[in-house]
Protein chains: 2
Amino acid sequence: MPTDDGSRAGESGAPRLGRRPSTTQAELSHVALTLFAERGFEDTTVDDIAAAAGIGRRTFFRYFASKNDLPWGDFDAQLDGMRRHLDGLPDDLPLMDAVCAAVIEFNRIPPEEVPWHRQRMRLLLNVPALLAHSTLRFKAWRDVVAEYAARRLGVPADSLEPQALAWTMLGIALAAYEQWLVHEDADLSELLESALRMLGERFAS
Amino acid sequence: MPTDDGSRAGESGAPRLGRRPSTTQAELSHVALTLFAERGFEDTTVDDIAAAAGIGRRTFFRYFASKNDLPWGDFDAQLDGMRRHLDGLPDDLPLMDAVCAAVIEFNRIPPEEVPWHRQRMRLLLNVPALLAHSTLRFKAWRDVVAEYAARRLGVPADSLEPQALAWTMLGIALAAYEQWLVHEDADLSELLESALRMLGERFAS
DNA sequence: CTTCCATTCGGCACTGAGTGCCATTAGCAT
DNA sequence: ATGCTAATGGCACTCAGTGCCGAATGGAAG
């Protein structure tokens with residue numbers, strides 16, 4: 001999901017009432033990522049970003065609740081995608097297979113967006129403040145997995161089994177991401193598959 | 001490790017030079033936890049804590065790098081303990097068994113400290129700011145696991161297999177903790193064992 | 001075109017975390 | 001007393017985030 005610059009009119013059939021927004025989340029995110037790449041995350045202030053985007057500092061905080069949210073873009077939309085993908089899977093597919101497939105599918109990225117995604121993830125996993133903040137997003141991700149697992153297992157989503165499973169899948173995904181960031185030529189999907197396979201073998205013993 | 005109030009002299013055989021510290025990490029942590037229990041984490045300022053402890057605000061930040069570090073106490077010492085425990089295990093014990101044993105051992109807590117530990121963990125896992133900050137501590141925990149696994153497997157500690165394993169163990173531990181916090185009468189060790197067993201069974205299929 | 005209304009903008013002032021600087025204080029040794 | 005060492009804590013500063021409120025913008029109704 002690259003910055004959808006240009007036409008920022010579309011939207012749903014709402015009659016459009018009142019003053020129109022002067023920018024977009026994606027636009028701001030794009031501007032900020034560029035600044036972060038130049039000066040680094042810590043050395044870029046919210047004032048810098050607002051100024052570069054041509055808006056007031058106060059306005060910035062109407063588009064993003066915090067500076068830490070900038071690299072995440074529309075994560076919730078992604079989550080909805082994964083939720084739908086999971087719900088669309090046949091119930092006779094073994095639970096682990098389903099979850100693994102969803103994780104791999106969720107992290108499939110078009111080749112042309114790989115560089116952007118790499119930069120974003122490098123920021124998220126390497127800047128301490130962002131890594132810390134990520135926890136809150138990861139929780140939302142885990143909830144998607146846990147809720148699916150809970151449905152399949154016929155138990156509450158906050159019970160041990162779905163929760164443990166969700167944590168495990170997150171761990172696997174992040175371990176794969178860390179490898180992906182280190183090895184420029186690596187393929188994320190392959191790393192994920194390999195990590196998932198490894199876990200199965202290790203636990204089977 | 002409750003607050004070691006009273007005699008704050010002991011230490012090693014250092015000749016003690018210069019002015020003595022006017023308080024301790026444990027003391028501050030204790031004061032803060034009490035305030036958090038009364039007013040909540042967000043509504044307790046660092047000024048409040050410093051005032052309650054009878055020190056200057058500036059001094060507070062010489063004992064703790066941030067307000068978020070207060071509930072963690074001497075986590076590094078705990079980590080050293082786990083590291084030593086792992087290194088002391090026989091090499092013919094299967095890797096997974098060793099790691100599982102260490103996780104359970106690491107989270108064994110004396111019955112009299114259970115209430116305190118519960119309050120601390122409830123804070124850490126329920127207050128968003130603390131949960132986010134926890135990520136950084138969890139990373140140190142994961143590194144201990146990953147380094148042990150790496151040694152046993154004869155691969156670099158930052159390679160996929162140890163990292164994925166470390167993430168998984170963390171996830172299991174936290175899933176167990178969440179259950180423990182919800183169920184007043186639950187036993188943490190049993191929850192951990194049950195979660196670990198579950199993961200094995202699920203992956204074995 | 002004017003008026004009304006919804007919605008966004010953005011300045012201002014404020015809180016609170018965290019930091020650098022530095023003079024002051026407390027303990028120990030000579 | 002003098003000197004050395006280490007901890008203290010006040011002060012001023014930066015920056016993230018928030019509440020308040022008037023100003024700007026654009027569509028719709030008159």
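In what follows, every heavy atom counts, from backbone to side chain, and hydrogens, waters and symmetry copies are set aside. Note on naming: letters A, B, ... go to the chains in the order of the sequence lines (proteins, then strands), and numbering restarts at 1 for each one.
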Check: Angle class for the A:F75/A:F106 ring planes (parallel below 30°, perpendicular above 60°, tilted otherwise)?
Finding: perpendicular
Classify the ring geometry of A:H117 against A:W180: parallel below 30°, tilted from 30° to 60°, perpendicular beyond 60°. tilted
Atom-to-atom span, [atom1] of [X] to [atom2] of [N] - whole angstrom:
X: B:K67; N: C:dT19; atom1: NZ; atom2: P; answer: 15 Å
X: A:L17; N: D:dA24; atom1: CG; atom2: P; answer: 20 Å
X: B:E42; N: C:dA17; atom1: CD; atom2: P; answer: 9 Å
X: B:R57; N: C:dG20; atom1: CZ; atom2: P; answer: 14 Å
X: B:F64; N: C:dT19; atom1: CZ; atom2: C1'; answer: 18 Å
X: A:H133; N: D:dG17; atom1: NE2; atom2: P; answer: 9 Å
X: B:D48; N: C:dA17; atom1: CG; atom2: C1'; answer: 13 Å
X: A:F61; N: D:dC20; atom1: CZ; atom2: P; answer: 17 Å

Respond yes when some side-chain nitrogen or oxygen of [X] is under 4.0 Å from OP1 or OP2 of [N], and no when none is.
X: B:Y63; N: D:dA7; answer: no
X: B:S22; N: D:dT8; answer: yes
X: B:R20; N: C:dG27; answer: yes

Of A:S66 and B:R19, the one whose nearest nucleotide on DNA chain D sits closer to the 5' end is B:R19
Residue pair B:G18/B:R62 against DNA chain D: nearer the 5' end by closest nucleotide is B:G18
Aromatic B:F61 / basic B:K67 pairing, under 6.0 angstrom, 45° off normal: no
message = I'd like to know if B:R58 reaches the base of C:dG18 with its side chain such that a donor and an acceptor end up less than 3.5 angstrom apart.
response = no
Output for pair (B:L153 CG, B:S159 OG), nearest 0.5 Å, gives 8.0 Å
*asked:* Considering every strand and a 4.0 Å limit on heavy-atom distances, what is the contact class for B:T45: base, sugar-phosphate, or nothing?
replied: sugar-phosphate
**Prompt:** So what does A:F60 hit on the nucleic acid, given a heavy-atom distance under 4.0 Å: a base, only sugar-phosphate, or nothing?
**Reply:** nothing
DNA chain D in dot-bracket form (Watson-Crick or G-U pairs under 3.5 Å, [ ] crossing, | inter-strand) is ||||||||||||||||||||||||||||||
Side-chain contact check for B:I55: nearest option of D:dG9, C:dG10, D:dA16 is D:dG9
Tell me whether the centres of the aromatic rings in A:F138 and A:W141 are closer together than 6.0 Å.
-> no
#### Entry: A:D80 side chain vs A:A77 backbone, donor-acceptor pair below 3.5 Å
no
| query | Stepwise, does the salt bridge (Lys or Arg N to Asp or Glu O under 4.0 Å) test hold for B:E161 with A:R197? | reply | CA-CA 10 Å; B:E161 203 157 354; A:R197 203 177 322 114; over 6 Å; no
